[in-house]
There are 2 protein chains.
Amino acid sequence: MTELDYARITRTLVDVAMGRTCADLVIRDGRWVCVQSGEIIPDTHIAIKEGRIAYVGPDASHTIGEETHIIDAVGCYLVPGLLDGHVHVESGMLTVTEFVRAVIQHGTTGMFIDPHEIANVFGLKGVKLMVDEAAVQPIHVWVQMPSCVPSAPGFETSGASIGPEEVAEAMAWEGIIGLGEMMNFPGVFLGDEEVHAEMGISRLADKVIGGHYSSPDLGLPFHGYVAGGVEDEHEGTGLEDAVARVRQGMKPMLRLASAWNDVAVQLRAITELGLDPRHFILCTDDIHAETLVMEGHMDRAVREAISRGLKPITAIQMATINTAEHFRVARDIGMIAPGRYADILLVSDLTEFAVDQVIAKGVVAVEDGHLLVDLPSFSYPQWATNSVVLRQDLSAEDFRLPTSSIGTVTANVIGAIENQVPTRHIKMEIPVEDGEVRVDMGRDLAKIALVERHKGTGKVQVGLVQGFGFDKRCAIGSTVAHDSHHMILVGTDEADMAMVANEIDRMEGGQVVVREGKVIGHVNLPIAGLMSNERAGVVAEKAASVLRGFEECGCRLTNPNMHLSFLALVVIPELRISDLGLVDVTKFEFIPILEE
Amino acid sequence: MTELDYARITRTLVDVAMGRTCADLVIRDGRWVCVQSGEIIPDTHIAIKEGRIAYVGPDASHTIGEETHIIDAVGCYLVPGLLDGHVHVESGMLTVTEFVRAVIQHGTTGMFIDPHEIANVFGLKGVKLMVDEAAVQPIHVWVQMPSCVPSAPGFETSGASIGPEEVAEAMAWEGIIGLGEMMNFPGVFLGDEEVHAEMGISRLADKVIGGHYSSPDLGLPFHGYVAGGVEDEHEGTGLEDAVARVRQGMKPMLRLASAWNDVAVQLRAITELGLDPRHFILCTDDIHAETLVMEGHMDRAVREAISRGLKPITAIQMATINTAEHFRVARDIGMIAPGRYADILLVSDLTEFAVDQVIAKGVVAVEDGHLLVDLPSFSYPQWATNSVVLRQDLSAEDFRLPTSSIGTVTANVIGAIENQVPTRHIKMEIPVEDGEVRVDMGRDLAKIALVERHKGTGKVQVGLVQGFGFDKRCAIGSTVAHDSHHMILVGTDEADMAMVANEIDRMEGGQVVVREGKVIGHVNLPIAGLMSNERAGVVAEKAASVLRGFEECGCRLTNPNMHLSFLALVVIPELRISDLGLVDVTKFEFIPILEE
């Protein structure tokens, strides 16, 4: 936009406000949820022109002409469109467009997305792809430039890498709002030069520096992290976490993900301790397609906050004006006021917070549950949908664990822990049969494999895992495997594992469950091996087939899918697998699978 | 600053926070006024390095080394340095440096100055001069680029003019924070192209657009003004003004000037109506040297807000974090938190709000009323101190009002109204003596003259004024004459008027009172004819001599000096004088002094 474009817009808005030009849309007689003053003001009219609000006040009749569309909002609250302060759309297994389709129904009109996952697969060009798709949406989608790719250099073959140079390049792109969560928190508090360079570049580009401090330690490392200049943080879980963050000048982002509720407890900083809520922000971070379809998005977070005792207007502030001011875009979004985009929800009950109608950028986008706007048909380049690169088809042989030991061998086994991201490092004596180590369902011992899939190195790293509870011949695989997103597999049968790998290769990414030689569940994720461009409902159903598959194979873990996708996350203790070997994350060193 | 510089700073701060490097300064055991959380937290330590805060928490002993200076703050509140959201330093008749010297004592560590007055004299180069002087201060001084120079094109010979081109040039300067108050509010709501272009340029440069809507009309013109994109406003006086501004998404700046208190009433929006205070900001706008010396600056405004029933922490938020967030510089100032500049006040009583000690950019700047930092010796270029350009010395003859009428003549006389900026248009029958119209102290009729002083046109416009109450032969003149700041004179004796004019010319600007041929009061303002580079106390004393001079000449008006300086303000009704003639501001047309 040029200065002249902007001046033309403001002159048009003034013309409407003054009654010299007709509004495109007028909303009449609603209850204005005025987040900027903290009031609810009855009998309010809003006049909208060219997507923005020209007038808010007691009477917009002077802006109504023959062409003006009118909405009667009697009995309804007029709420600013909701904002998600931090979210990875890849977690929904959806493209930006399909994520938008799912969330706009729930009143989300703005998101700050961090394409950390695709960045791990494609690097800068993956981020740019998301920026381009974000730019054409009917709601506001800003992108945070991922800061930590790969998460553990040297411990895996990464799909891509991002450093200060890439950050500098991205900061010049329209649509980049800030630096994505700085999860290398030791790098911050230990003074790593590259980490601080990325933050310095972002700061000088006047972008917001996102945080991620996933440690309970609120001592010196925390203070060191804050001193580095990080501006928000969404990994807090306890009351003391929220208090510490806001006191230190960081914005606590309270997360209501699919699998985590960090809102309920942290909110007590406001409801019980009486802290000023202005710096508290709601976000989802990781949210599955099924949650979006069944429960909602930011409306769900607002409901949760209200149900925990927050005044509705305060909860709404945490998903509107607080977020907009944090990202310094409150001139455009986050409140119902002149000059801002007309992102307005009609809500009949503020406490129930069911969104009846959604106006996004001045257009009636959702009414009675029907989507009334066209979403872009974004086309993905060929490279984006061909990200699974195996050197050749795999066979059962590739998943053997041969050993020269005789009798028994000591194995280093990854132990999955129910409901926890950390794993346990188990040492186990295992009998050697025919020169190899085999699975043992009786001891819940399965195989795990990490198949390199970015560069076609042909590397298949086989190891052992305990805790999935498989009681049948089976295998399950996924190209969602944080953070480098190779192909990860677990299973009790090498032929099934090979079948899964080859099937995923054929689908160009996704998740597959094979039981006794038959595919019993799958979700295809052809974009970067992470996302589907099918609709949320379809993806949710397919993802459910994978979860059912886990069960049918005997797995009783809650969220087994997340367990699987985290087993290659070589930054979280104790033991993880990468394509380069087994990593003892307590010491950051490779250790052998079998101590021969 | 480069990215590397910034990364070096953050790494240093982290080193201090972690205890790897010693702090320069540690403040121990104070009560942290944590404006970001709304709490007061006892027993807090702050570690400071290279001017910024590295650590805030319960124990900074790990940051203390042999070189670390320690301040014990037992019993004291630790308050973020105060910010003035909008001020014209020229109103204090002081340079930026001397203004800073006066206000730092009162705990001001940041100001957003609008050099509107010098811009009217020198245009862009005057603004640049202020930007350069602002940049070398020990506190933060940001400059708003004046938007409305001259205020009434065509109705006076202006010293300079500013339009979109000049605004665009200034927006690229470091130190420019926004567009100065858009006082051409009709231009905004009537859709003037140049006005909107200036705002569009500022917006695209990501700068804050300052407002000035000096009308009580909260109807369509107000809504039109808001729709233009103005972000703050400081001309509100009534409760309804504050409420309307905050609801419409503008930040109400509540003004405690020397001559106006717009805080007391508007604060009731918070104390009585319960509005969210987050968008309310305190400012001074126009404040005299004497007020600064005798009463204070932002500390005075905070005290006023507290005395009107605001909680101390809320009042402090209105002069710290609210202001910083408005101008989008809260990463640098406005709260006591890591990464921010160490602008910290030690205050023993929060309600009395007497500032005991001032730390500015990490340096102890004021202790026990003593200034401990050196202020810059800024040198003004020759052109800046030679702004009074008369074609020749003036004589009594220049102040005659000749007429060809015989007997009497009808005169259009400016009527000063006690305590009001607007004037009255008086029609008066006046006897003609010896072919001219003379003053008549019996009817309180004095002469007024506007002497062009920017371009040496030689123009002296003589008129008549009523309301000053002079009862002696006298004359008073000033080069502070809003907005174009020519030389304005009032008097009852033409020879005295000439003497005043020549004396002001000799001083290169200022104010002079002559009674019966003798100078009885003066203040010399050699910089642009607006500012002295003497200290606030000296200037206050000299300014007081002018006020005493008014009294000694019989004038009983409150603030006669302000009345004088506003008589040429050709944008406020009803009648004003310019170098081009007498202006009927109700119709924006010239009318004759004498209806011959």
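Chain letters run A, B, ... following the sequence lines, proteins first, then strands; residues in each count from 1.
Annotation: maximal heavy-atom pairing with chain A below 4.5 Å, among B:Gly57, B:Gly224, B:Gly38, occurs at B:Gly224. Chain A forms the most heavy-atom pairs under 4.5 Å with one residue out of B:Met250, B:Met199, B:Arg340, B:Lys251, and that residue is B:Arg340. With respect to chain B, the highest number of heavy-atom pairs below 4.5 Å among A:Leu273, A:Leu190, A:Val16 belongs to A:Leu190. Ranked by heavy-atom pairs under 4.5 Å with chain B, the list A:Gln317, A:Met18, A:Glu231 is led by A:Met18. With chain B as partner, the option from A:Ala197, A:Gly228, A:Gly339 having the largest number of non-hydrogen pairs under 4.5 angstrom is A:Gly228.
Listed here is the closest heavy atom pair of A:Ala337 and B:Arg247: CB-O, 4.5 Å. Residue B:Val14 comes nearest to A:Val188 through the heavy atom pair CG1-O, 3.4 Å, listed as atom of the first residue, atom of the second, then distance. Pairing each heavy atom of B:Ala227 with each of A:Pro338, the nearest pair is CA-CB, 4.0 Å. Nearest heavy-atom pair across A:Val56 and B:Gln248 is O-NE2, 2.8 Å. Here the shortest heavy-atom pairing between B:Leu220 and A:His62 reads CD2-NE2, 3.3 Å.
Heavy atoms closer than 4.5 Å to chain A are found in both the backbone and the side chain of B:Ile321. Interface remark: A:Ile270 contributes no atoms to any contact with chain B (heavy atom separation under 4.5 Å). Both the backbone and the side chain of A:His223 come within less than 4.5 Å of a heavy atom in chain B. Looking at A:Thr2, the atoms closer than 4.5 Å to chain B (heavy atoms on both sides) all sit in the backbone: N, CA, C or O. Of the two parts of A:Leu204, only the side chain, counted from C-beta on, holds a non-hydrogen atom closer than 4.5 Å to a non-hydrogen atom of chain B. Within the 4.5 angstrom heavy-atom criterion, only side-chain atoms of A:Glu325, from C-beta onward, approach chain B. Contacts of B:Glu198 with chain A are absent, with no heavy-atom separation under 4.5 Å from either backbone or side chain. Of the atoms belonging to A:Val208, it is backbone heavy atoms, and not side-chain ones, that fall under 4.5 Å from chain B. Only the side chain of A:Met335 comes within contact range of chain B, judged by heavy atoms closer than 4.5 Å. Only the side chain of A:Tyr55 comes within less than 4.5 Å of a heavy atom of chain B; its backbone N, CA, C and O stay farther away.
Pairs of residues two or more places apart, or lying in two chains, that qualify as salt bridge (Lys or Arg N to Asp or Glu O under 4.0 Å) and include a residue from residues 40-52 of chain B are B:Arg8-B:Glu50, B:Asp24-B:Lys49, B:Arg52-B:Asp332.
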- Residues B:Arg11, A:Val195; criterion side chain to side chain contact (heavy atoms under 4.5 Å, CB included); working and verdict: CA-CA 10 Å; B:Arg11 291 175 64 220; A:Val195 161; over 6 Å; no
- Candidate pair B:Arg203 and A:Asp5, rule salt bridge (charged side-chain N to carboxylate O under 4.0 Å, His left out), full reasoning: CA-CA 11 Å; B:Arg203 171 73 178 237; A:Asp5 295 334; over 6 Å; no
- Message: side chain to side chain contact (heavy atoms under 4.5 Å, CB included) for B:Thr12 and A:His196? Distances and angles first, verdict last.
- Response: CA-CA 11 Å; B:Thr12 304; A:His196 282 263; over 6 Å; no
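Within a 6.0 Å radius of CD in A:Glu174, no more than 12 heavy atoms belonging to other residues, nucleotides or ligands are found. Summarising the local packing, CD of B:Glu165 is surrounded by 12 or fewer heavy atoms from other residues, nucleotides or ligands at distances under 6.0 Å.
Applying the side chain to side chain contact (heavy atoms under 4.5 Å, CB included) rule to A:Glu194 yields the partners A:Pro164, A:Asp192; only residues at least two apart in sequence or on another chain are considered.
For the atom pair CG of B:Asp276 and CG of A:Asp276, the computed distance is 7.5 Å after rounding to the nearest 0.5 Å. Here CZ of B:Arg245 is found 14.5 Å from OG of A:Ser37. Values are rounded to the nearest 0.5 Å.
Counting heavy atoms from C-beta on, the side chains of B:Asn322 and A:Arg278 come closer than 4.5 Å. Looking at heavy atoms from C-beta onward, A:Glu193 lies out of side-chain contact with B:Leu4 at the 4.5 angstrom threshold. Counting heavy atoms from C-beta on, the side chains of B:Met171 and A:Glu3 never come closer than 4.5 Å. A:Asp206 places none of its side-chain heavy atoms less than 4.5 Å from the side chain of B:Arg328.
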